Amino acid sequence: MKKYTICLSLCLMLTCGAAGAFDMDDMHMDQEQHAHTGHDMSSHMGPGFQMVFNPAFSDDIYHVHPAGMWMVSYKFMHVNMDGLQEGTTNIPAGVVSPQGSKPYGFMMTPTRMSMDMQMLMLMYGVSDDLSVMAMASYQSMTMDMLMNMGAGNIPSAPMRTSGFGDTELRGIYKINGYLVGSLGLSIPTGDTHQQIEMMSRTFRAPYDMQLGSGTFDLKPALTYSALSDDALWNWGGQVMYTYHPGNNDDGYKLGNNTKLTTWLQRALGPASAWLRLTFNDTGRIHGQDPEIAKMLDSVNGASMPDADPANYGGQRLDGHLGMSYAKGPFSFGVEGGIPLFQDVNGLQLVNSWYLTTGLQVMF
Ligand SMILES: [Cu+2]
């Protein structure tokens, strides 16, 4: 009886393996057809398939799916921030405080921050030229701080916030075999009233510890993607603009953002490897949340640079390396990155490394 069970599971495994191999052959066949029809990679499963629908880019690269095709993708993204900068100059934690000192005079000095974001994305091909997408996210943020009341820096309890972020809806339209245009609408489902405890008092958390923008935002993007004739190389670029049209209910709006991405990707059998560069230009926060401003009060506050809207935005260039692996309808990937250049407005914590993993299924 036991022998029989083992035999059965072996048979099952072999059958599954064979089915998997069969799928791969289908894809190779498609690959040849694909080479003949040129670069129309979005209309059927081809060699560039996995590369075009890559699950682990930490920035979404917009693409269209064939009519009737679904994609479900889950992404985990970690951003680590370490150390302070003003402009491009490193600022040691020791000079930021105590309150009233020159040049900064804050009571609290942030030293590290980590942001974990989980994203669930659903995509559907309405027609061969038009796809729609919805994305929800959940974020957890932790910031380590030092406190200086005039007798030197002492570690303070970390600030933590977590919850659902903003939700994005997007329409994606195929202009031609290379170009995809899309428009995203960000719905302010993320809380902007997260609170923190400091010195036994409750404050509204600074802007970077809040979970959303508080505004309906427009995010147009234009994406270029190309595949070599042998279908082994994929490269492209994307420009995206995030526009915050007006102030939120708390009296401010986040800085508008321009993001440029370029990548080069190589197919390696069922896997692919890539190199990616991203450039971000983000404006300062306009306006001010009067609740967050209470932190800056010299008598009743707990002043820190993140509570000042002038200490937001700047320019940053990041480099990323990644790999993905596809098996049947499933695909898995991982990407790591570091900032190559950062020029921040005012005094800010700066990024130190990124890690993104993604898992997706298409059917
Ligand atoms: Cu997709």
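Atoms within each ligand, like the ligands themselves, are counted from 1 in listed order. In this text, all values refer to a predicted model and were calculated from it rather than measured experimentally. Counting from 1, the numbers follow the sequence of the chain as shown.
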| request: Please examine the side chains of W235 and Y224, heavy atoms only from C-beta on, and report whether any two atoms are closer than 4.5 Å. | output: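 When only atoms from C-beta onward are counted, W235 and Y224 do touch, with a gap below 4.5 Å.
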
| field | H65, N/O/S atom nearest the Cu ion (ligand 1) | value | NE2

| task | Report the name of the N/O/S atom of H63 located nearest to the Cu ion (ligand 1). | result | NE2

| Sequence neighbours excluded, which residues qualify as salt bridge (Lys or Arg N to Asp or Glu O under 4.0 Å) partners of E86? |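 For E86, no residue satisfies salt bridge (Lys or Arg N to Asp or Glu O under 4.0 Å) once neighbours in sequence are set aside.
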
| field | N/O/S atom of M71 inside 2.8 Å of the Cu ion (ligand 1), strictly under | value |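 So M71 does bind the Cu ion (ligand 1) by this criterion.
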
| said: Is Q360 close enough to the Cu ion (ligand 1) that one of its N, O or S atoms comes in under 2.8 Å? | reply: no

| Between N351 and W353, is there a donor-acceptor pair closer than 3.5 Å when you use the side chain of the first and the backbone of the second? | no

| Ion pair check, D318 and R316, cut-off under 4.0 Å |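 Counted as a salt bridge, because a side-chain N and a carboxylate O are separated by less than 4.0 Å.
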
